[in-house]
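Lettering of chains follows the sequences in order, A, B, ..., and the numbering in each one begins at 1.
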Amino acid sequence: MAEAPRANLDAERLLAHYRMMNRIRAFEEAAEAAQKSGEVKGAIHLSIGQEAIASGVCANLRRSDLIASNHRGHGHTLAKGASPAAMMAELFGRATGTCHGKGGSMHIADFDIGMLGANGVVGAGILIAVGAAQGLKLRREDRIVACFFGDGAINRGPFLEGLNWAKIYELPVLFVCEDNGFAAMTRTASLSAGGGPDARAQSLGIPATLVDGNDVAAVDEAARELAQRVRGGGGPQFLLARTYRLRGHTVTDAAGYRSAEEVAAKQRDEPIGRCAETLLVAGRSEAELALIAAEARREMADAVAAAREAPWPSRALAWADVQDVGSPQEARR
Amino acid sequence: MAEAPRANLDAERLLAHYRMMNRIRAFEEAAEAAQKSGEVKGAIHLSIGQEAIASGVCANLRRSDLIASNHRGHGHTLAKGASPAAMMAELFGRATGTCHGKGGSMHIADFDIGMLGANGVVGAGILIAVGAAQGLKLRREDRIVACFFGDGAINRGPFLEGLNWAKIYELPVLFVCEDNGFAAMTRTASLSAGGGPDARAQSLGIPATLVDGNDVAAVDEAARELAQRVRGGGGPQFLLARTYRLRGHTVTDAAGYRSAEEVAAKQRDEPIGRCAETLLVAGRSEAELALIAAEARREMADAVAAAREAPWPSRALAWADVQDVGSPQEARR
Amino acid sequence: MSTLSYLEAARLALAQEMRRDPLVWALGEDLGRGGIFGQYKGLIEEFGPERILDTPISEAAIMGTAVGAALVGTRPVVEMRFADFALCAVDELVNQAAKARYMFGGQGRVPLVVRQPSGMWRSSAAQHSQSLEAWYAHIPGLVVVAPATPADNFGLLKAAIRCEDPVVYMEHKDLWGLTGEVDERADPLPLGVARRVREGSDVTIVTWSGMLRRVEAAAELLDGGPSAEVIDLRTLYPWDRDLVFASVRRTGRLLVVHEAVQTGGFGAEVAASVAEALFDLLRAPVRRLGAPRIPVPYAPPLEEVCKIGGAEIAEAVRAMVG
Amino acid sequence: MSTLSYLEAARLALAQEMRRDPLVWALGEDLGRGGIFGQYKGLIEEFGPERILDTPISEAAIMGTAVGAALVGTRPVVEMRFADFALCAVDELVNQAAKARYMFGGQGRVPLVVRQPSGMWRSSAAQHSQSLEAWYAHIPGLVVVAPATPADNFGLLKAAIRCEDPVVYMEHKDLWGLTGEVDERADPLPLGVARRVREGSDVTIVTWSGMLRRVEAAAELLDGGPSAEVIDLRTLYPWDRDLVFASVRRTGRLLVVHEAVQTGGFGAEVAASVAEALFDLLRAPVRRLGAPRIPVPYAPPLEEVCKIGGAEIAEAVRAMVG
Ligand SMILES: Cc1ncc(C[n+]2csc(CCOP(=O)(O)OP(=O)(O)O)c2C)c(N)n1
Ligand SMILES: Cc1ncc(C[n+]2csc(CCOP(=O)(O)OP(=O)(O)O)c2C)c(N)n1
Ligand SMILES: [Mg+2]
Ligand SMILES: [Mg+2]
């Protein structure tokens, strides 16, 4: 398997990542608080600690490219260009949400920016991404699809079926496996036999690249190379990004199955801090970075405030968009 | 991947294979004729040309060991020790069948000899085999399970899920992939990406051995080695046996998607003829071999005759063995 | 008009829709060689391997990738080979295809057709004989169609392909060879509209798919006795309540006949709906005839136990009309 | 007698059965850390990791291997985490577990329990809120259980584990915290036996699972008005026709209330059966109350549309008794 080349990003690009990662972090911290306060009702899965992958990959996608995500998708969605206000409103279940409050965190989608949906079923997004790529190919469009999933998803059948499918039809898909070491409350090492996600991809004929998923520059460089290959007709590619989930599986998971020391050690490796260090070495000031972080927090505080004020969806919306033929009617069950 | 060692079987053992393969062949030719004449109603899948795998593998299993099979399971079942008369009666749908006529060819099972069932769903037997092995392990029994499936099954999710499962729990399963080049009417080469069934198994941490599936001595040797490893606590093992399906997918499939030349060439490689050659070189006489073949044909003709005379299952049987709680009653739908 | 088999009618409908709309395509096992029953014969020659896609044995991927392909605007026709194998792809159909548009607040649509050859045919036993239409009718987001004649298989498949919603399209395997007149230039049939196959005054028999022939036979058998009105539902969801209710208003009696297991079958929905809405008009209890709650056995005399014949239906009618 | 929650009652039942029979074991995701809801908390400490098995996210394998393990005589308790994820394992449950014994002519049995936490709970939206009991009731070979109280979750889980048939065991997620008196030394409850929760004379309300509380609330609301007899079905297949029919014979009216989508829900089976069998005794049309045929939406005010409250039920009763 290829190791990703050493990254050497220009500082502007790195700064953009720094901003994006801070925005993702701030979004999720705000969402976490809103769930703890009871304002957000449904389960939410935070990607705190994993922001570099979303930012690094999506920086190499065009607006017209597509992504499919999983249950832990806020970062992917923001990095692809969605409005945090609309996302936050979705978490709050409001009419102004990306899905008018009908989906919640696990079903955020934003087709305008090519986000084909988070998913509540582990692994399901893989097939949707692969199928979208096949649709694009049929339509002779040169867009590509990136597909995010976790290390737990590699044990579900759709991983095999989807990767095999992408390869036999040589579809334009970039598979991105976010290996955070956990499937919910269980360490994936004990659940996954063999050489890992990349070995499985390679056994299916898909080249795999391993990258330090907490090094945003490295993710960006690796994703750039792979996205280029995909776009150039090189067929599906696989990026394995090692990272760590700093929060529990959901906001309500206290994650007592791992030690505080382990988390503290990993905290030192988290991607925003590492990016800041590089930027400081490159001559950026503490103040500038602090300002970026503060701006991100303010943006998300505004998103929360707006969500709080936003209207609930009308009951009529519950009956809408089920189906055209046989559309349900309030008068009759 | 390991190549199987050169086989050097003693002649008695080879002769036993010769007999078994002839019995399988004769059984299936008789079944084929009975379907063509309309006496056997349901679809049947013939393993003509693939007999060496069933014979070679099952020769290394004990009566108390288990097998799980697929839609093309007559050979496996006979080689494991089932009565051809009961099997033929099952194809004829008679009360004397292995399943009292309730299953037919795709559901033949014979628990007495450790045959846990053919299966009408491609890949489903993999999970049943793996689960049976887990059950045996829980029960602290030293029996092992062999699991037969085709090269088409490696593209279904249960292949991934089942192999991963067998490996993480180190279960006593011998996976046997019969690679006959076809999934129904389509060549599998175009449908399966990557390095093949063995590469996939290896990516899941399961050692794989490749064998010439038309050389019964080679299959026997390879299976002996692998069964020993499995029995000795070595965890799951994978045998990839290359072969060719000389008949259509089902008896009614004329297989117009491949040339007569291709089939003729493969006919020269078929396992019974090859085994005969070796036996002749080893000093056995043509007459002895002819007698074995004739005996097999007579046995199966008797099985057909008995099946033809056997009683139909009584209608009451249709209502039996559905479930204990809420057993259906003829009086009430 | 020409005489086509049920199978040929569907093949023609698919070919016409593929000619009409380059975004219509089909995917499934062995399609390049015509499919297991020949429903796709000749299509790869006309439309090429990209639009008549040979797939691996990966039902979950066949269904799941179709969802993705539909979300980006193509119109996949998914072939499941046997309805029973669709059970390998239920998450993809029920959790994804049926719900995507709704969950995403209307942003995407999933205009796919899932062909699920159903029912008992040639002693196929428990894993190749099921009729599970009731399942899909229960799932919000899905349209469920079950044609009973060649003309319907032509007109309804066209409609299903043009439908913006995911459609579960259940062809009956035992009807493949049934022939009938088909207008090859006919428009798609409307979905959700049943067909009154025969007029009658004493009882309304509602049925669909393979049972229509048996019900028609029963109506013949009754000749001189009670007069049966026969309705072929054609679409199970949405089902044509108006036509059924109007008929039961006249006849005062309802019998629903289906091949599927009676317990929890779709007949329960029809019967319960009529019992709820037309209680005061009913002259006899509603009645259902479906298969016993047993897996389909292999041996022909056992399989018979699952089958409902014309005589049994006629008998039920006589008992109802009394 | 002690006061236990619905969740604790099931945990105790499982622990007792595991102590009683070393061949009982449980498998599913995160079980070693108590399972996602805590239903397995502490069990790995007592029974070890082989009998409280942590599995990969492989629902098909969780179900499919359980079938194999059951066929060799062990008794797996399969945890699906959310009923919705069981849709990733339908072939294994419906084509394999439910049919194996029958197809093999009675040679093997599949004594497994599939726990499927069901229903709406904490704004979980379309893929984590389904109630699909009607599907399983339609499948020959399966027993379907849906406990509504802590005592029942104790007694019925024990019964399900001892049952020789595959049992789909649907616990309602919104009931986990419900507390009640449980006799920790009680025998298993019989499967297929409903419970008359409240006596009444004007209408029989049949319900199960999470809706029982709402129905009881409705009965209270009606105080002084029509008198409702409340029956908790507890087992959906086989359902207790005798108790329901005896009740409707007295009251002359039937209302079935369930959380699942009404169209094709199991209420249709109950309503149709009563309408068929007791037509002459009915004083009003049978009636069903179930969810509209829409996926469950996320936002609380939208989710409300899928929920049936006590007032609505009371209203329906008043309209029936009129
Ligand atoms: C089919 C299915 N099974 C189980 C779950 C419950 N579940 C949600 S997330 C999760 C863990 C997923 O792990 P991974 O894929 O590594 O993603 P991560 O949460 O680590 O980002 C599980 C088991 C689910 N949503 N879908
Ligand atoms: C899930 C499923 N999909 C499709 C089928 C139809 N089918 C039966 S056998 C077969 C081909 C299987 O190929 P392989 O596994 O290589 O076995 P072989 O027939 O070559 O022995 C197919 C597609 C099925 N039985 N089950
Ligand atoms: Mg993970
Ligand atoms: Mg093959």
Side-chain angles (χ1 to χ4, degrees), chain A residues 1 121-128 130 133-134 149-173 175 177 183 186-208 210 234-238 240, chain B residues 1 121-128 130 133-134 149-173 175 177 183 186-208 210 234-238 240:
Chain A
M1 189 186 39
V121 178
V122 168
I126 296 177
L127 298 177
I128 292 173
V130 170
Q134 195 151 28
F149 54 89
D151 49 329
I154 69 166
N155 294 324
R156 279 211 61 226
F159 176 84
L160 171 75
E161 296 193 11
L163 267 69
N164 181 63
W165 192 285
K167 185 61 190 172
I168 60 178
Y169 305 118
E170 291 289 357
L171 301 178
V173 189
F175 295 103
C177 180
T186 305
R187 290 186 199 271
T188 48
S190 61
L191 304 175
S192 300
D198 45 344
R200 294 185 190 185
Q202 285 170 323
S203 80
L204 296 163
I206 301 182
L210 174 68
Q237 305 289 325
F238 192 95
L240 172 60
Chain B
M1 189 187 43
V121 178
V122 168
I126 296 177
L127 297 177
I128 291 173
V130 170
Q134 195 152 29
F149 54 90
D151 49 329
I154 69 166
N155 294 323
R156 280 211 60 226
F159 176 85
L160 170 76
E161 296 193 13
L163 267 67
N164 181 62
W165 192 285
K167 184 61 190 173
I168 61 178
Y169 305 118
E170 292 289 0
L171 301 178
V173 189
F175 294 103
C177 180
T186 305
R187 291 188 198 268
T188 48
S190 61
L191 304 175
S192 300
D198 45 343
R200 295 186 189 186
Q202 286 171 323
S203 79
L204 296 163
I206 301 182
L210 174 68
Q237 306 288 326
F238 192 96
L240 172 59

Note to self: Quick check: under 4.5 Å, non-hydrogen atoms only, which of residues 162-173 of chain A neighbour chain B?
What the structure shows: N164(A), K167(A), I168(A)
Next item on the list: Looking only at non-hydrogen atoms, find the nearest pair between L160(B) and I154(A) and report the distance.
Entry: CD2-O, 3.3 Å
Item checked: Closest heavy-atom pair and its distance - S203(B), S203(A) -> OG-OG, 3.4 Å
Notebook entry, point to check: Taking every heavy-atom pair that is under 4.5 Å apart, which of S192(B), G196(B), S190(B), P158(B) has the most such pairs with chain A?
Noted result: S192(B)
Margin query: Shorter than 4.5 Å, heavy atoms on both sides: which option in A193(B), G205(B), G157(B), G195(B) has the most such pairs with chain A?
Written below: A193(B)
